Amino acid sequence: MEGKEYMLSYNQALDFIHGLNRFGTKLGLQNITKLLDILGNPHKGIKIIHVAGTNGKGSTCAMIDSILRSAGFKVGLYTSPYLEVFNERMRVNGENISDDDLARLTDKVHAAVMYMRENNLGSPTEFEVVTAIGFLYFKEQSVDFLVLEVGMGGRLDATNVVTPMVSVITPISLDHQQYLGNTLEDIAREKCGIIKPGIPVVTSLQEYEAMRVIEEVSNSLNCKLIKVSNEQARESCETVYYHLISDDEKGLVFDLKTQKNTFPGLKIQLIGRHQLDNAATAVAAIEVLNMQGIKIKSDAIYSGLRNARWPGRLELISENPTILIDGAHNIAGIKTLKEALNQYYSNRKKILVIGILEDKDYKDMLHDIVPVADIIITTAPNNPRALAACELADIIAELFGDSVIQINAEDLDIGKKINSNTTIQVYAEEKIEDAAKLAKALADSEYMIVFAGSLYMIGYVRTLLR
């Protein structure tokens, strides 16, 4: 590739990356394949754990990453979206890519993109460009392993140019239907696109329709399929099952049995019983690496799980007042949040600050989460696809009728006089800063504050409140 040299600063690099947003989402491997070819195919030769799914991808990736690092390996972690800073998307041994490295490597990819455009070879999307930058970085860093999270779907996702050591599929549910299909089977088939001939597959607990597709694709490609299940379902589980010992707001303790090993008393500090499934899935993936000759001792599994962190998911960021943030952005995530709130905080009154994107199943999400709250403050995530706060408040009023009452933020004293045991108060604040300020003004010692509905909002809230 020849042509003009481009020298980008960090801010120019981000402007270039985010400017590609105007090209939207275009699933397919043609552009990313050409782009990586121009860049020398940096993804080839890296040992990769490839993770797809609807929910739990990030937590599972974080646990696999933590275990491998505890075993002494140099590990790259590629995830999306970011919470607070863009650099979070590419990490090596827990450290974000530096501003200088991001600018320098974006400069390289920028030149390749210009070459493609000038020669009518296509125009890569934002995610394709970010993925290419990531591969360049991880290759340059000579990582021992790369834990690679799928962006959307699997089959046509830009990350699906790799041949991994193990393919991992976390729980599948309805999300991104406009791209992936309207049924669980359709979506599962897209996720199963990461399964490669002869490469072992690890799957979390799945709905029947999704599991049937995973089994079918794995069998057709002659892949060993390792299922994760809980103890009650172990008779139908071929390899891995877990048994809960204790569960509170500080974390979970559980036993785990794999095909070759037993791990009594494993502990994770991530909360929510869904994390049991994610942890078991992570260990199952590690066991596959062990079967392939990678020596990872049980001590690394214990310490890796214990030290694993995944911010923005059922994360307690303050105790006075109690503030919980959770990136629940689809119906499955909302159900998990509801379960956790009922389990750990059933005796607390709750102020829910919620912002949702308009392309989500927001009515189903609201139907599940609104009854958990005593006070709701609607707001708008920093995203062009966000539902306006006033519109979201109106939808809640439409769905719940006399069970809710809409109040202007200026009428704070009126709100405080209303018996919230019988009526859910609903406020609307377009700006997240104003919503957070109102939540704190309404909260007394009886209340906890919960922020949820969109990862775009949660990252901003995390920065704002910390």
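Values in this document were obtained by computation on a predicted structure and should not be read as measured data. Keep in mind that the numbers below use all heavy atoms, side chains included, and drop hydrogens, waters and symmetry copies.
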*Within a strict 4.5 Å, meaning less than it, do heavy atoms of the Y447 and I375 side chains meet?*
yes

_Does this structure show an ion pair linking K349 with D374, if we count only N-O contacts that are shorter than 4.0 Å?_
no

*Main-chain N/O of I296 paired to N290 side chain as donor or acceptor, under 3.5 Å*: yes

*Under 3.5 Å, side chain of K350 to main-chain N/O of Y345, donor-acceptor pair present?*
yes

*asked:* Closer than 3.5 angstrom, by distance alone: can the side chain of R309 be matched with the main-chain N or O of N307 as a donor-acceptor pair?
replied: yes

*asked:* Just by distance, no angles: are the side chains of S98 and D100 close enough, under 3.5 Å, to form a donor-acceptor pair?
replied: no

*Test item: side-chain donor near acceptor, D15 and Q12, under 3.5 Å*: no

*Find out whether V150 and H50 are in side-chain contact, i.e. whether some heavy atom of one side chain is under 4.5 Å from a heavy atom of the other.*
yes

*Under the criterion side chain to side chain contact (heavy atoms under 4.5 Å, CB included), which of T60, V166, L225, V51 is the partner of V202?*
V166

*So among L387, V450, T378, which one has a side chain to side chain contact (heavy atoms under 4.5 Å, CB included) with I354?*
T378

*For Y344 and D247, does a side-chain donor sit closer than 3.5 Å to a side-chain acceptor?*
yes

*If you measure only the distance, is there a donor-acceptor pair under 3.5 Å linking the side chains of D101 and Q141?*
no

_Minimum heavy-atom separation for S167 and I194, please, with both atom names._
OG-O, 3.3 Å

*Would you check if there is a donor-acceptor pair between the side chains of Y427 and E429 at a distance under 3.5 Å?*
no

_Name the residue from V240, I64, I301 that meets the side chain to side chain contact (heavy atoms under 4.5 Å, CB included) definition with V283._
I301

